[in-house]
Participant: 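This is the structure, below, for whatever I ask next.
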Amino acid sequence: MNRKDLLYEGKAKRLFITDDVNSLVQVFKDELTAFHGTKRGRFDGKGAICNAVSTYLFQYLETYHVATHFVKKLSDNEMQIRRLEMIPIEVVVRNVATASLAKTYDLEEGSTLKYPIIEYRLKSDRLGDPMINEHHAYAMGYATPEEMKMISRIASKVNAIMKSFFDRRGLMLVDFKLEFGKQDRNILIADEISPDTCRVWDRKTNKKMDKDRFRYDMGKVDKAYRELLGRIVSAA
Ligand code: ADP
Ligand code: UDP
């Protein structure tokens with residue numbers, strides 16, 4: 001399998017076509033962005049950390065029979081993935097009230113929710129990723145009722161698996177975002193699962209170990225990303 005032309009350049013990754021029509025190479029960049037690309041930064045090795053965390057978590061989920069686009073890690077910042085027809089919906093799962101959820105509903109910052117919340121956003125930087133529900137997804141033709149049912153089932157299962165995974169490492173999975181794509185009639189998890197797309201706090205100190213450190217200028221972004229990777233892989 002050889003990497004060929006650039007297919008897509010996004011904010012955090014580049015996708016390349018390959019000589020296998022069913023595979024792409026996903027290259028993780030060192031750039032960090034927030035607030036729909038309006039805030040930008042970078043640090044050396046960030047792409048490699050997100051690739052390593054995603055690789056670890058995709059492989060871990062596969063052991064629980066959760067289908068992902070992961071094929072194999074190719075290098076520090078490259079991953080071979082299955083080429084999917086993407087569903088343009090960001091699926092956010094929340095276990096703990098923080099940020100906009102805490103503010104909108106006047107919940108205590110950091111309080112554990114009685115039940116996880118699944119939110120859907122239309123993936124569009126131009127529109128600011130507006131919140132949608134299942135009915136918007138059917139009405140606008142982004143996904144069928146069967147697909148949305150499958151997506152919500154997979155998101156709940158991934159949350160249960162990852163929550164206990166992080167728990168065993170002394171970490172709290174506050175919330176995270178998943179993207180999904182289709183291959184024939186199957187729905188697979190795509191994109192990445194990394195400190196760029198999850199909120200993870202230390203259980204004892206509540207220290208934030210994710211992209212919020214960059215979003216809110218909390219400092220030591222690279223140190224937190226590295227520590228998170230270390231804690232994920234060391235307790236294996
Ligand atoms: P963005 O597009 O938000 O700037 P990225 O820089 O992360 O995001 O770019 C990666 C792009 O690749 C995203 O648009 C994502 O939807 C898409 N993508 C992720 N996995 C796959 C896949 N398996 N097949 C096709 N496209 C994918
Ligand atoms: N998220 C993401 N990409 C996005 C939007 C959100 O990965 O484009 C992740 C984010 O890292 C967090 C979760 O989804 O773990 C919820 O983020 P959101 O922006 O919805 O939170 P808010 O700040 O609005 O509470």
Side-chain angles (χ1 to χ4, degrees), residues 6-18 20-40 42 46-47 50-51 53-54 58 67-71 77 79-105 107 109-110 113 116-132 142 155 159 162 166 172-183 186-201 208-216 225 228:
L6 180 71
L7 172 70
Y8 174 82
E9 169 133 26
K11 299 185 294 295
K13 298 187 286 300
R14 291 187 193 91
L15 298 183
F16 290 86
I17 55 170
T18 69
D20 168 5
V21 288
N22 296 314
S23 286
L24 297 173
V25 174
Q26 173 162 262
V27 181
F28 290 75
K29 306 200 274 190
D30 285 344
E31 274 72 32
L32 274 160
T33 69
F35 310 120
H36 314 296
T38 53
K39 178 170 176 151
R40 288 168 181 273
R42 70 175 302 289
K46 182 255 175 188
C50 289
N51 191 25
V53 172
S54 288
F58 283 147
T68 78
H69 71 164
F70 178 80
V71 179
N77 67 343
M79 176 191 284
Q80 184 183 342
I81 58 172
R82 294 180 180 83
R83 184 174 190 164
L84 304 180
E85 185 191 335
M86 292 301 288
I87 297 172
I89 297 175
E90 296 192 339
V91 179
V92 172
V93 184
R94 299 172 178 275
N95 297 305
V96 172
T98 187
S100 70
L101 182 79
K103 199 165 168 224
T104 308
Y105 298 99
L107 303 175
E109 170 69 25
L113 299 165
I117 295 174
I118 300 184
E119 291 172 357
Y120 304 107
R121 313 264 166 103
L122 183 62
K123 189 173 158 65
S124 164
D125 283 330
R126 185 175 63 86
L127 300 175
D129 295 346
M131 183 101 85
I132 59 170
Y142 294 120
N159 185 42
M162 293 214 316
F166 282 109
M172 193 192 318
L173 179 62
V174 172
D175 54 35
F176 62 98
K177 183 262 304 179
L178 295 175
E179 291 188 31
F180 292 86
K182 290 186 279 185
Q183 191 179 48
N186 298 321
I187 297 213
L188 285 75
I189 297 182
D191 207 59
E192 68 181 296
I193 308 180
S194 76
D196 270 12
T197 64
C198 300
R199 284 194 176 108
V200 178
W201 298 353
K208 294 180 185 355
M209 320 249 333
D210 54 66
K211 198 160 86 171
D212 270 357
R213 301 202 74 85
F214 167 71
R215 286 192 187 97
Y216 302 112
Y225 272 49
L228 182 68

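Values reported hereafter were calculated over all heavy atoms of this structure, with side chains retained and with hydrogens, waters and symmetry mates removed. All values derive from a computational prediction rather than experimental measurement. Position 1 is the first residue of the sequence; numbering continues from there. Remember, it's 1-based here, ligands and their atoms both numbered in the order they're listed.
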Participant: Any nitrogen or oxygen of Glu119, side chain or backbone, less than 3.5 Å from one on ligand 2?
Facilitator: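 For ligand 2, there is no N or O atom that lies under 3.5 Å from one belonging to Glu119.
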Participant: Closer than 4.0 Å to some heavy atom of Ala190 - which atoms of ligand 1 meet that?
Facilitator: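 Ligand 1 atoms under the 4.0 Å threshold to Ala190: 20 (N).
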Participant: Which atoms of ligand 2 have any heavy atom of Arg94 under 4.0 Å away?
Facilitator: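 Checking each atom against Arg94, I get 18 (P), 20 (O), 21 (O), 22 (P), 24 (O), 25 (O).
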Participant: Around atom 22 (P) of ligand 2, find the nearest protein heavy atom and jot down its residue, atom name and distance.
Facilitator: Ser100 OG, 3.2 Å
Participant: Using a strict cut-off of 4.0 Å, indicate which atoms of ligand 2 neighbour a heavy atom of Asp129.
Facilitator: 8 (O)
Participant: Once you restrict to heavy atoms under 4.0 Å, what part of His69 touches ligand 1? Side chain, backbone, both or neither.
Facilitator: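 For His69, the contact with ligand 1 is made by the side chain alone.
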Participant: Is it the side chain, the backbone, both or neither of Leu188 that has a heavy atom closer than 4.0 Å to ligand 1?
Facilitator: neither
Participant: Heavy-atom distances under 4.0 Å are what count here, so tell me which part of Glu179 touches ligand 1: side chain, backbone, both or neither.
Facilitator: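 The side chain, only.
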Participant: Does His36 have a heavy atom less than 4.0 Å from any atom of ligand 2?
Facilitator: no
Participant: Could you pull out, from Leu84, Ile87, Ile189, Ile81, the option with a heavy atom nearest to atom 25 (C) of ligand 1?
Facilitator: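 That would be Leu84.
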Participant: Using a strict cut-off of 4.0 Å, indicate which atoms of ligand 1 neighbour a heavy atom of Leu15.
Facilitator: 12 (O), 17 (C), 18 (N), 26 (N), 27 (C)
Participant: Give the numbers and elements of all ligand 2 atoms closer than 4.0 Å to a heavy atom of Thr197.
Facilitator: 7 (O), 9 (C), 11 (O), 15 (O)
Participant: Minimum distance, heavy atoms only, to atom 15 (C) of ligand 1: which one of Asp191, Asp196, Thr68, Val27 is it?
Facilitator: Asp191
Participant: Just to confirm my output: which protein heavy-atom neighbour is closest to atom 14 (O) of ligand 2, and how far is it?
Facilitator: Lys177 CB, 3.5 Å
Participant: Which atoms of ligand 2 have any heavy atom of Glu90 under 4.0 Å away?
Facilitator: 4 (C), 5 (C), 8 (O)
Participant: Specify the protein heavy atom at minimum distance from atom 19 (O) of ligand 2: its residue, its atom name, and the distance to 0.1 Å.
Facilitator: Arg121 NH1, 4.0 Å
Participant: Have a look at ligand 1 and work out which part of Met86, if any, has a heavy atom under 4.0 Å from it: side chain, backbone, both or neither.
Facilitator: side chain
Participant: Only heavy atoms of Arg82, strictly under 4.0 Å: list the atoms of ligand 1 that pass.
Facilitator: 22 (C), 23 (N), 24 (N)
Participant: Would you mind running through ligand 1 and noting each atom that sits below 4.0 Å from a heavy atom of Ala12?
Facilitator: 5 (P), 6 (O)
Participant: Side chains of Gln80 and Ser23: any donor to acceptor distance under 3.5 Å?
Facilitator: yes
Participant: For atom 12 (C) of ligand 2, what's the nearest protein heavy atom and its distance?
Facilitator: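 I find the closest protein heavy atom is Asp175 OD1, 3.1 Å.
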